[in-house]
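Notes follow the structure.
One is the number of the first residue; the rest follow in order along the sequence.
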Amino acid sequence: MRLLVDSGSTKADWIAIDEDGKVLFTTQTLGLNPEILEGDEIIERLNDRFDISQNKDKATHLYFYGAGCGTDNMKISLSRIFQDYFSNAIIVVEEDTYAAVYATTPKGEKAIVAILGTGSNCSYFDGKILHQKVQSLGYIAMDDCSGNVFGKELIRKYYFNKMPKELADAFEKEYDLEPDAIKHQLYKEANPNAYLATFAKFLIQHKETEFCKKIIFKGMKSFVKNYIKQYENCKEVPVHFVGSIAFYLKEELQVTFDKYGLQLGNVLRRPIDGLIAYHILNK
């Protein structure tokens, strides 16, 4: 049994397949980002899912593609945790961009592949190797155009009284905006980036308003300039996306790309289904 996992900071999608590619079970855990979780929290999240805990000894391979796995230290740390838990399995840990590449890019083709979800990143795939020019520094310093950055922007606008009253009233009805509640989530609970990203739903729901449009296009402009335009051939290859922000704001991405002369490629909400086809072909 092979386990394929696509993990962001908010959630992780799991699919178990047999040697023929038949799906044995699918499940979901909370995100397993090693940059913001301790080992015991990761184990707790694994044990919380019956399908995973009851089948851990049957796994022969674990292919884990995750947010926070962009450095060797994080890969090694998470691999050790998984090796102890899935004791009979061969463990492969890669950053989540590889899942995006395998799911969106035809074999051997060149492309820029980006993730816009709870967090964000962008890499160039030359048909064989992934190249990254911008090293992520995490959600506090970077993550342009991501759910957590959009969420932070909405909270700031609300508290600085720069949100139109009609939207502010709707915002208050949908979220607990008490200062103590927000600070508790940011400083006392796990995954503060995922918490911030929950506010991005409001931005998407009201994306037709001028207020939200301004925030969205400002974020996309920043992502294009700071990430995509790092690659000299950015206008010569398609730019593929995965992630909920990209998926639900695809029209806005197209408008932005037309402005900068870029080619918008495939846009997927989740790469996990594409990973099945990839691993069947490359077992």
query = Are Lys75 and Glu94 side-chain neighbours, meaning at least one heavy-atom pair lies under 4.5 Å?
reply = yes

ask   = Any chance the side chains of Thr27 and Asp51 put a donor and an acceptor closer than 3.5 Å?
value = no

task = Could you please spell out the steps behind the ring pair (Phe, Tyr, Trp, His ring centres under 6.0 Å) verdict for Tyr231 and Tyr227?
result = CA-CA 8 Å; Tyr231 303 102; Tyr227 290 79; 9.5 Å; no

ask   = Of the non-hydrogen atoms in Asn266 and His240, which two are nearest, and what is the gap between them?
value = N-ND1, 2.9 Å

request  = Answer yes if Leu32 and Phe25 sit in the same cluster of Ile, Leu, Val, Met, Phe, Trp and Tyr residues linked by side chain heavy atoms under 4.5 Å apart, and no otherwise.
outcome  = yes

query = Are Asn148 and Ser146 linked by a side-chain donor-acceptor pair shorter than 3.5 Å?
reply = yes

query = So does Glu189 have more than 12 non-hydrogen atoms from other groups sitting under 6.0 Å from CD?
reply = yes

request  = Please confirm whether the backbone N or O of Lys235 pairs with a side-chain atom of Gln263, one donor and one acceptor, at under 3.5 Å?
outcome  = yes

query = Got a donor-acceptor contact below 3.5 angstrom from the Asp13 side chain to the Asp6 backbone?
reply = no

query = So does Lys201 have more than 12 non-hydrogen atoms from other groups sitting under 6.0 Å from NZ?
reply = no

ask   = Would one find more than 12 heavy atoms of other residues, nucleotides or ligands at under 6.0 Å from atom CD of Gln254?
value = yes

inquiry  = For Leu275, is there any backbone N or O sitting under 3.5 Å from a side-chain donor or acceptor partner on His279?
reply    = no

ask   = Do other residues, nucleotides or ligands put more than 12 heavy atoms under 6.0 Å from Gln54 CD?
value = yes

inquiry  = Could you check whether any side-chain heavy atom of Asn191 comes within less than 4.5 Å of a side-chain heavy atom of Thr10, counting everything from C-beta outward?
reply    = no

Other residues, nucleotides, ligands: >12 heavy atoms within 6.0 Å of Gln205 CD = yes

request  = Measure the acute angle between the ring planes of Phe199 and Tyr195, then classify it against the limits of 30° and 60° as parallel, tilted or perpendicular.
outcome  = perpendicular

inquiry  = Could you report the tightest heavy-atom contact between Arg45 and Gly31, atom names first, then the distance?
reply    = NH1-O, 2.5 Å

ask   = Are the side chains of Asp143 and Ser120 in touch, meaning some heavy atoms are under 4.5 Å apart?
value = yes

ask   = Considering residues, nucleotides and ligands other than Gln28, do more than 12 of their heavy atoms fall under 6.0 Å from its CD?
value = yes

message = Hydrophobic clustering (ILVMFWY, side-chain heavy atoms < 4.5 Å, transitive) - are Tyr139 and Ile182 grouped together?
response = yes

query = Under 4.5 Å between any side-chain heavy atoms of Tyr260 and Lys221, yes or no?
reply = yes

task = Flag the pair Asp169 and Lys165 as a salt bridge only when some basic side-chain nitrogen lies within less than 4.0 angstrom of an acidic carboxylate oxygen.
result = yes

query = Is the NZ atom of Lys162 crowded by more than 12 outside heavy atoms at less than 6.0 Å?
reply = no

Give the table of side-chain donor-acceptor pairs shorter than 3.5 Å for residues 150-158, with sequence neighbours excluded, one pair per line with atom names and distance.
from, atom 1, to, atom 2, distance (Å)
Tyr158, OH, Glu172, OE2, 2.7

task = Compare all side-chain heavy atoms of Cys69 with those of Pro34 and state whether any distance is below 4.5 angstrom.
result = yes

Expected output: side-chain Ser222 to main-chain Lys218 donor-acceptor under 3.5 Å = no

remark   = Heavy-atom nearest pair, Phe257 first then Leu264, reads CD2-N, 3.5 Å

ask   = Side-chain contact, heavy-atom cut-off 4.5 Å: Leu46 with Trp14?
value = yes

message = Do Phe247 and Ile215 land in one hydrophobic cluster if side-chain heavy atoms of ILVMFWY residues count as linked below 4.5 Å?
response = yes

query = Tell me, do His131 and Ile129 make a side-chain contact under 4.5 Å, heavy atoms counted?
reply = yes

query = What are the two closest heavy atoms between Pro271 and Val242, and how far apart are they?
reply = CB-CG1, 4.3 Å

task = Report yes or no: do Ile245 and Ile228 belong to one cluster of Ile/Leu/Val/Met/Phe/Trp/Tyr joined by side chain heavy-atom distances under 4.5 Å?
result = yes

Neighbour count >12 (heavy atoms, 6.0 Å) for atom NZ, Lys11 = yes

task = Output yes when a side-chain donor or acceptor of Asp20 lies under 3.5 Å from a complementary backbone atom of Lys22, and no otherwise.
result = no

request  = Kindly work out whether a path of hydrophobic side-chain contacts (I/L/V/M/F/W/Y, heavy atoms less than 4.5 Å apart) joins Ile42 to Ile36.
outcome  = yes

